[in-house]
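What follows is a single structure, written as structure tokens, with notes after it.
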Amino acid sequence: MDEYRKLDAINFRQKTSPHLFDPSKIVLRFYAEIDPEMPDWWGLAVGDALGSLRAALDHALVGHVRTQVPTLTEAQEKRLQFPILDDEAKWMGTSKEPGPGRKLRDKCDPTVLKAIQDCQPFVPAWSESPEEHPLMVLNKMVNNDKHRESTVVAYASHQLTVDTSRPSAIEILELIQGEGELVHDALAATIVVRQPRAAGRRTRAVALDPAPELGFVETLRIPGIADDPGVGVMTMLEFLISGVQTTLDELKAAGA
């Protein structure tokens, strides 16, 4: 992503027109010009990162169980998966449908099993909703990725700023940030200004000095988690990495 940003691939062109209903106003619209387009493989790279994070949790569990059950078969090992639950009742489950609390108690050291339980999204120590726990978000994203439902969109506008620290002959009346994906020719921002006296009818000559700054960020659209306009790719990955690393540290401290 850093390499793509260095290409300065996203720029903006200004289109100026009179206000539809008020002749004392001028509307400046800024449209995205993107060349080259965002690489198609970004979505696959994010999917690989999600899979690696999920695998790190599974490998930690499998590694511990191997030390506790030397006779563990390859078939049993493949069925092992680090549990991620948002419902406490599912931890123990029932005799007919046992949960991980039952399935793992003869395979894990009790201290490690307690650490696994304490890392679950349903634990009250997690102050936010269980659905917002990093492990729960990771689990949903991995499942979504299997069905190609989580997508990286080109970019999303997230900040529109104008330098007002120095005097200007143009009075800014309204700043409107664009919505949705920042694809080629997409409307990125709209600025309504007062018609300068010197401009007369030459609306095309009206330009802000300095030019407005239009911010944008790579985003992920995740159904049920982060829909439009999505969430920043790096923000989400850092959130998930932190959650997984905290879990692995807790397991290590417990002896896994």
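Every value quoted in this text rests on a predicted model; they were computed, and no experiment measured them.
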Within a strict 4.5 Å, meaning less than it, do heavy atoms of the Pro134 and Val244 side chains meet? no

Would you say Ile176 and Leu214 are hydrophobically clustered, going by side-chain heavy atoms of ILVMFWY under 4.5 Å? no

Which heavy atom of Arg194 sits nearest a heavy atom of Ile170, and at what distance? O-CG2, 4.4 Å

Report yes or no: does Ser242 contribute a side-chain atom to a donor-acceptor pair with the main-chain N or O of Phe239 at less than 3.5 Å? no

Can you measure from NZ (Lys107) to CG (Leu72) and round to the nearest 0.5 angstrom? 8.0 Å

Aromatic ring pairing Tyr4/Trp42, orientation class (parallel under 30°, perpendicular over 60°, tilted between): perpendicular

Please tell me whether Leu20 and Val192 are part of a single hydrophobic cluster in this structure, the criterion being side-chain heavy atoms less than 4.5 Å apart. no

Does Arg29 reach the main-chain N or O of Thr190 with its side chain, forming a donor-acceptor pair under 3.5 Å? no

Report yes if the side chains of Leu61 and Cys108 come closer than 4.5 Å at any heavy-atom pair, otherwise no. yes

Side chain Glu88, main chain Phe122, donor-acceptor under 3.5 Å: no

In the single-linkage hydrophobic clustering (I, L, V, M, F, W, Y; side-chain heavy atoms under 4.5 Å), do Trp41 and Met38 co-cluster? yes

Compare all side-chain heavy atoms of Glu97 with those of Arg102 and state whether any distance is below 4.5 angstrom. no

Heavy-atom check, side chain of Met141 versus side chain of Leu240, under 4.5 Å: yes

Do Leu248 and Leu57 come close enough that some side-chain heavy atom pair is under 4.5 Å? yes

Just by modelled atom types, is the Asp109 backbone N or O under 3.5 Å from a matching donor or acceptor in the His64 side chain? yes

Verify the cluster assignment for Val62 and Val112: are they in a single hydrophobic cluster under the rule of side-chain heavy atoms below 4.5 Å apart? yes

When rounded to the nearest 0.5 Å, the distance separating CD of Gln117 from CG of Leu104 is 11.0 Å

So, do Arg66 and Glu77 sit near enough that their side-chain heavy atoms are less than 4.5 Å apart? yes

Distance-only, no hydrogens or angles: does the Asn143 side chain make a donor-acceptor pair with backbone N or O of Asn139 under 3.5 Å? yes

With rounding to the nearest 0.5 Å, note down the distance linking CG in Leu251 to OG1 in Thr246. 11.0 Å

Taking a hydrophobic cluster as the set of Ile, Leu, Val, Met, Phe, Trp and Tyr residues connected by side-chain heavy atoms closer than 4.5 Å, whether directly or through intermediates, do Phe30 and Leu173 fall within one such cluster? no

Which distance, rounded to the nearest 0.5 Å, do you find between the CD of Glu33 and the NE2 of His184? 6.0 Å

Distance, nearest 0.5 Å, that separates NZ of Lys114 from CG of Asp118: 3.5 Å

Pair Arg13, Asp185 - check salt bridge (charged side-chain N to carboxylate O under 4.0 Å, His left out), show working. CA-CA 9 Å; Arg13 71 177 186 279; Asp185 284 333; 3.1 Å; yes

Work out which heavy atom in Gln68 is nearest to a heavy atom in Pro70; give both atom names and the distance. O-CD, 3.5 Å

Nearest 0.5 angstrom please: His59 NE2 to Arg54 CZ, how far? 10.5 Å

With a 3.5 Å distance limit and no angle check, can you tell me whether Asp58 reaches the backbone of Phe82 through a side-chain donor-acceptor pair? yes

